[in-house]
Amino acid sequence: VTAGADKAVRVWDLDAGRQRTGWDGTADPAAVAVAPDGKAVAIAGLRAGVVEVRELATGKERFAVLPGSRFADSRKPTVVAFTADGKHLL
């Protein structure tokens, strides 16, 4: 999984050497993390204070941590990671 200044998140098939799927964001994603089970991706920094978790296969949003919630602040996140059990974000 890659993300960059072109505002896109891409999922790659490394064996075939091509993009498998992807989606466009609304701002520059700063970091991505794949869940240990390989079914979800967390994307940090699409918008100030937002971390989204999406289905890896489809790009469908599972949920977002929004500014103002007790789990976020107003700064643009620059890192994101899943815990080893995949139940929490760091």
Side-chain angles (χ1 to χ4, degrees):
V1 177
T2 60
D6 63 353
K7 303 179 183 180
V9 176
R10 293 183 175 87
V11 180
W12 298 91
D13 180 330
L14 297 180
D15 292 330
R18 66 175 192 258
Q19 183 177 328
R20 194 171 75 194
T21 189
W23 53 92
D24 292 330
T26 57
D28 300 337
V32 294
V34 176
D37 66 5
K39 295 181 180 180
V41 60
I43 308 158
L46 288 175
R47 296 177 303 281
V50 176
V51 176
E52 292 181 357
V53 176
R54 295 179 178 243
E55 296 289 333
L56 192 58
T58 65
K60 180 180 176 185
E61 185 177 304
R62 282 189 182 179
F63 66 89
V65 178
L66 303 172
S69 74
R70 67 185 186 128
F71 303 107
D73 64 33
S74 61
R75 295 173 292 184
K76 181 177 179 176
T78 57
V79 296
V80 67
F82 283 92
T83 56
D85 64 7
K87 294 181 180 181
H88 303 280
L89 290 172
L90 304 172

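Within the 4.5 Å cutoff, no side-chain heavy atoms of V80 are placed close to those of I43. Between W23 and T58 the shortest side-chain heavy-atom distance does not fall below 4.5 Å.
Annotation for V50 and A64: closest pair CG1-CB, 4.5 Å, computed over non-hydrogen atoms. The two residues V51 and A42 make their nearest non-hydrogen contact at CG1-CB, 4.5 Å. Heavy atoms only, all atoms of each residue included: A33 and A81 are closest at CB-CA, 3.9 Å. When all heavy atoms are compared, the tightest approach of P29 to K7 is CD-CA, 3.9 Å. A44 and V79 make their closest contact through CB-O, 4.1 Å (heavy atoms, listed as atom of the first residue, atom of the second, distance). Considering every non-hydrogen atom in both T21 and L56, the closest pair reads CG2-O, 3.8 Å.
Taking a cutoff of 4.0 Å between a charged side-chain nitrogen and a carboxylate oxygen, K39 and E55 do not qualify as a salt bridge.
Distance check: F82 CZ to L89 CG gives 5.0 Å after rounding to the nearest 0.5 Å. A distance of 5.5 Å separates CD in Q19 from CZ in R10, rounded to the nearest 0.5 Å.
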